[in-house]
Amino acid sequence: MSKYHFNEIEAKWQKHWAENQTFKAENQSEKPKYYVLDMFPYPSGAGLHVGHPLGYIASDIYARYKRHQGFNVLHPQGYDSFGLPAEQYAIQTGQHPAKTTEENIARYREQLDKLGFSFDWSREVRTSNPEYYKWTQWIFIQLFESWYDKDQNKARAIEELRVVFSSEGNIHVNAVCDEGIEHFTASEWLDFSETKKQEILLKYRLTYLAETEVNWCPQLGTVLANDEIVNGVSERGGYPVVRKKMKQWSMRITAYAQRLLDGLDNIDWPQPLKDSQTNWIGRSKGSSVTFNIKDHDAKIDVFTTRPDTIFGVSFMTLAPEHDLVSKITTAEQKEAVENYIEATAKRSERERMADVKTITGVFTGAYAEHPFSGEAIPVWIGDYVLAGYGTGAVMSVPCGDQRDYDFAKHFNLPIPNIFKDADISEEAYSDKENTIITNSDFLNDLNYQQATEKIIAALEEKGVGEGKINYRLRDAVFSRQRYWGEPFPIYYKDGMPHPIPTECLPLRLPEVEKYLPTEEGEPPLGRADDWAWDEKQLSVVSCQLIDYETVFPLELNTMPGWAGSSWYFFRYMESEKRDEVFASKKALNYWKNVDLYIGGSEHATGHLLYSRFWVKFMHDRGLVPVEEPFKKLINQGMILGESAFVRKLNYNNSEVPPIFISNKKFLKESKAKEEEKSIVDYEFKFSKLFDKYLGENRKIQVTMGTLDLHTDVAFVNNSNELNIEEFKNWREDYKIAEFITEEDGSFKVSREVEKMSKSKYNVVNPDDICSQYGADTLRMYEMFLGPLEQAKPWNTAGITGVHGFLKKLWKLYHSGENESFYVSDDSASKDSLKTLHKTIKKTQEDIEHFSFNTSVSSFMIAVNELISQNCNSREVLEPLAILISPYAPHISEELWNKLGHSESISTAPFPKFEQKYLVESSKEYPISFNGKMRFTLELPLDLSKEEIESAVMAHEKTAQYLEGRTPKKVIIVPGKIVNIVG
RNA sequence: GCUCGAGUGGCGGAAUUGGUAGACGCGCUGGAUUCAAAAUCCAGUGUUUUAGGACGUGCGGGUUCGAUUCCCGCCUCGAGUACCA
């Protein structure tokens, strides 16, 4: 055994760790706890590429480091295994999504296992397992059985609300609930039928059914949450999304808007991520104002952030979807308004977004009354006002708001100026800081701050408005018209939803013969034969038995992907009594929350917001001891792929096979810049190739010069040369292709950095890297690429540097005869101890700052130094193995074993840094003249400033650089620099 | 448009408090070894030069004895968000 046989070593230790459960966490320990978690992976069919494990490697290094530091570490892994792709695949192939999910997980696991992660697999979680989703359903029922009390600022049991209703009605109830709930007294409540009571309670529940405008994606056949839509199309698949009114389950996340915002101050997350949650929640401060409508008993409520500009209102604008539109529109305007509404409804969300410039709108014929001046204000509708934000109506102040200004200009509406000395001839004046209000009755000569205070007081006194905080955040739609998700534990009785008793959970996903909606347009669960709830038998029975007396239909929608991922981090804490509780009190109190969470930034407004919401809710109801799930969070940057392109001559003739030209040759021939001209040259130069197929007399039409086509990076070597044979066999029509190569017969491709993706053929598989270089090399190289949080391109060629390092490390421990293992028990040299201790210091600092790339460099430096020092001392080589073990656990474990240890290296304490080995007696001072370093001078460190100065001034080179001048000033920073000015 | 982040050799990147810019690695050049190749080892490698130097961290200013680092004004790229009243 002399060489570094990484494949054998890695397989051996992976097996050993699994068999010995080396990384199993205990729920009881003398040690302090530390919980390291990776964002929940979705097991996609494509498997892992080298970009995926980046975060896992970082978290694994940290977890291993914490173990060395004496922590009881929980580092689990599992799968977010419900979701659209498996279902889409099921629709296409008829295979049960459970089966494909199972296969994907197996493949994922196999790939993960090869990388040597220190996961505690005994706590694995899969969201699609009934034993898991039983508790997702259970939490849903807890939400259903809760309401939000604004006075106590927390969620409470719905039973407590019933008690309040029975004793005093709902007049004093200050809850987050549906709009426009009618007041009732205690006696009225008691007289209501049970159905009526349920109907009212539903308006208060934290998860509720309501007719809402939803994002409907016809191609996916389901609704989508706001965060699942990117640029007006679905995040998955890129299909169009339209707005549609549907009865859906929603989550009253808006109740938590302020707490979700405030909580951000207490968690250690990247600022951009906090910013995007802050923006998503979108808090704005202002006031509500109510406008009466002339000759009508309707009122228009608006929200404004600039109540101080109320005397600048010259018109009102309602969203086309606003409820009042049909009521207040006059007979003369009816046709115009209806045409407009029809036209805007046809425009898709995407069109509306793309076309912000075009101003459209129409007058309703109605007039509102100014609450202070009594003036008549025309009421318009326009699609720049969004139905979903605020009240769906604005008071338009064209002098102060650019959109109102543009609208006014376009329709020739008056633009009264209420700002002192402001020029509004070209654009609105929106500078709050320098505002002085004028032409505004009692607000004249006040600044923004004063006017705002005064007007809000006036509004409140008159009873036509009040100070108000508005949030952009909407309640989250929770229903999906899909099969592969958690069934709602709900059945319908008299049209009202009822939860099935919690002891009957889980409500298992039924079998269906097809994963498509029914002919009636119901979700796939509508195809299930046995999907009715029998209240007497407490079980799921055949739909045929539905009698609406004891047997009722079950909910047909399923829960969205984020249901299972909003609480999974608690499930890992519990390893034993998973049947009895979602997680036991003991486990929850021991592990509390996730100390370190690593994952991509794409979950900023989805998973990371919903989880925080659920945790706050669960905390309110006493289910968990913490209010925030993730104390510290790190976003790992994406690893980008290096796509390879082959250049193909472009011409319109099917008789000629594809002709590819080597990139280097192409650049040379085309003289890089004059591409257009070079096309003619090709025609001439390579005409022989065409002649072969067309005969000499026929000229081919060249349309566009050349085309760059993606080729699989697997066919390209480190020198950018294409393996022509493999490429030819790739596609049927390439088999007969012609290649214009370099003089030496090679064919060069061009490269470009792009996102790593199957469709770009630039995916690098970690399995290949592992078999060629080993997992330790892959782990280290991924870290070595650059800072964890930054995006960086993958370049397989560079991996040899890290691999070479591990070989050198191996050699350092194999300095015996015939490269046999050898360490001596002699004490180490001063230099070696210095190398060791500076590396301990650096590694520790780097890991704590998540600067893993720089510690890999410091290992390289250390090993280079120790080799040149011929170090073979146990005193240095033992601690060195521990330092490296979080990064390269297999080789370290092997070396540790060879050093004579029977316990895993992961149990070894982290080496202690000792300053005394780094103490220097002298320093090589850089001597600068006017800030420019000219030479260095070695001087003892204990010299005083004066002694340093005289030593420097006495040096012969000093005189040389001074060229006879007398220095004006000599700056001396002991231990750092000397700078001579003059 | 707004918010945030980033610009350093041929490439990935380092410089943790304002103190020797380019650590470490890739690539490249030359050499050793080899029948040859791979592997390994040694030396060199920011640009420029009249070989003294000069220039150099996106651009233009400023503060300082000294700026990749701090301040002001721009430019470019990336990410998120988008009629939010």
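Residue numbers start from 1 in every chain, and the chains themselves are labelled A, B, ... in the order their sequence lines are given, proteins ahead of strands. Values in this document were obtained by computation on a predicted structure and should not be read as measured data.
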For the pair made of [atom1] in [X] and [atom2] in [N], what is the distance, rounded to whole Å?
{"X": "A:D383", "N": "B:rA85", "atom1": "CG", "atom2": "C1'", "answer": "15 Å"}
{"X": "A:F859", "N": "B:rG25", "atom1": "CZ", "atom2": "P", "answer": "14 Å"}
{"X": "A:K409", "N": "B:rC83", "atom1": "NZ", "atom2": "C1'", "answer": "19 Å"}
{"X": "A:D846", "N": "B:rG13", "atom1": "CG", "atom2": "P", "answer": "17 Å"}
{"X": "A:M860", "N": "B:rC24", "atom1": "CE", "atom2": "P", "answer": "11 Å"}
{"X": "A:W794", "N": "B:rC26", "atom1": "CH2", "atom2": "P", "answer": "15 Å"}
{"X": "A:I300", "N": "B:rA85", "atom1": "CD1", "atom2": "P", "answer": "19 Å"}

Which of the following nucleotides, [options], is nearest to the side chain of [X]?
{"X": "A:P787", "options": "B:rA14, B:rC65, B:rC26", "answer": "B:rA14"}
{"X": "A:R472", "options": "B:rC83, B:rU16, B:rU81", "answer": "B:rU81"}
{"X": "A:K811", "options": "B:rC83, B:rU40, B:rG19", "answer": "B:rU40"}
{"X": "A:K807", "options": "B:rU40, B:rA54, B:rA15", "answer": "B:rU40"}
{"X": "A:T936", "options": "B:rC26, B:rU20, B:rA54", "answer": "B:rU20"}
{"X": "A:N853", "options": "B:rC65, B:rA14, B:rU20", "answer": "B:rA14"}

What is the pairing partner of [N], taking Watson-Crick or G-U wobble pairs with both distances under 3.5 Å in any strand?
{"N": "B:rG46", "answer": "B:rC55"}
{"N": "B:rC11", "answer": "B:rG25"}
{"N": "B:rU34", "answer": "none"}
{"N": "B:rU69", "answer": "none"}
{"N": "B:rU64", "answer": "none"}
{"N": "B:rU3", "answer": "B:rA79"}
{"N": "B:rU20", "answer": "none"}

Aromatic ring proximity A:F407/A:F315, centre distance under 6.0 Å:
yes
Between A:H370 and A:F311, is the ring centre distance below 6.0 Å?
yes
[M] and [N], which share atom name [atom1], separated by this distance in whole Å:
{"N": "B:rU63", "M": "B:rC70", "atom1": "C1'", "result": "8 Å"}
{"N": "B:rG13", "M": "B:rG60", "atom1": "C1'", "result": "27 Å"}
{"N": "B:rA32", "M": "B:rA37", "atom1": "P", "result": "12 Å"}
{"N": "B:rA38", "M": "B:rU45", "atom1": "C1'", "result": "24 Å"}
{"N": "B:rU49", "M": "B:rC55", "atom1": "C1'", "result": "10 Å"}
{"N": "B:rU29", "M": "B:rG52", "atom1": "C1'", "result": "27 Å"}
{"N": "B:rC26", "M": "B:rC71", "atom1": "C1'", "result": "38 Å"}
{"N": "B:rG56", "M": "B:rG7", "atom1": "C1'", "result": "15 Å"}

Remember a base hit wins even if backbone is also touched, and classify [X] as base, sugar-phosphate or nothing at under 4.0 Å, heavy atoms.
{"X": "A:Y471", "result": "nothing"}
{"X": "A:V981", "result": "sugar-phosphate"}
{"X": "A:S396", "result": "nothing"}
{"X": "A:R934", "result": "sugar-phosphate"}
{"X": "A:K274", "result": "nothing"}
{"X": "A:K968", "result": "nothing"}
{"X": "A:I861", "result": "sugar-phosphate"}

A:D475 versus A:T254, side-chain donor and acceptor atoms under 3.5 Å
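Distance-only check passes for A:T254 and A:D475.
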Does [X] have a side-chain nitrogen or oxygen under 4.0 Å from the phosphate oxygens OP1 or OP2 of [N]?
{"X": "A:R403", "N": "B:rC84", "value": "yes"}
{"X": "A:N864", "N": "B:rG25", "value": "yes"}
{"X": "A:Y405", "N": "B:rC83", "value": "no"}
{"X": "A:S284", "N": "B:rA85", "value": "yes"}
{"X": "A:K932", "N": "B:rC55", "value": "yes"}

Aromatic plane relationship, A:F805 with A:F859 - under 30° parallel, 30 to 60° tilted, over 60° perpendicular
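Parallel, since the angle between the ring planes stays under 30°.
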Taking the inter-plane angle between the rings of A:F935 and A:F929 on a 0 to 90° scale, is it parallel (under 30°), tilted (30 to 60°) or perpendicular (over 60°)?
tilted
Can a salt bridge be assigned to the pair A:K748 and A:E721 using a cut-off of 4.0 Å between side-chain N and carboxylate O?
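A:E721 and A:K748: salt-bridged.
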Does the pair A:S928 and A:N979 meet the rule for a side chain to side chain donor-acceptor pair (under 3.5 Å), with working shown?
CA-CA 5 Å; A:S928 302; A:N979 189 14; 4.6 Å; no
Considering only nitrogen or oxygen atoms on both sides, find all protein atoms under 3.5 Å from nucleotides 3-12 of chain B and state each distance.
| residue | atom | partner | partner atom | Å |
| --- | --- | --- | --- | --- |
| B:rG12 | O2' | A:L785 | O | 2.4 |

Would the number of heavy atoms belonging to other residues, nucleotides or ligands and lying under 6.0 Å from CD of A:E426 be above 12?
no
Please classify the glycosidic conformation of B:rG9 as syn (within 90° of 0) or anti (everything else).
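Syn conformation for B:rG9.
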Set of salt bridge (Lys or Arg N to Asp or Glu O under 4.0 Å) partners for A:E949, sequence neighbours left out:
none
Of A:E924 and A:I971, whose nearest nucleotide on RNA chain B comes first from the 5' end?
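The 5'-side residue here is A:E924.
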Is any side-chain heavy atom of A:D401 closer than 4.5 Å to one of A:V394?
no
Enumerate all atom pairs, one protein N or O and one N or O from nucleotides 66-72 of chain B, separated by less than 3.5 Å.
none

A:Q636 vs A:I598, side-chain contact (heavy atoms from CB on, under 4.5 Å): CA-CA, chis, key distance, verdict:
CA-CA 7 Å; A:Q636 90 270 21; A:I598 295 187; 4.0 Å; yes
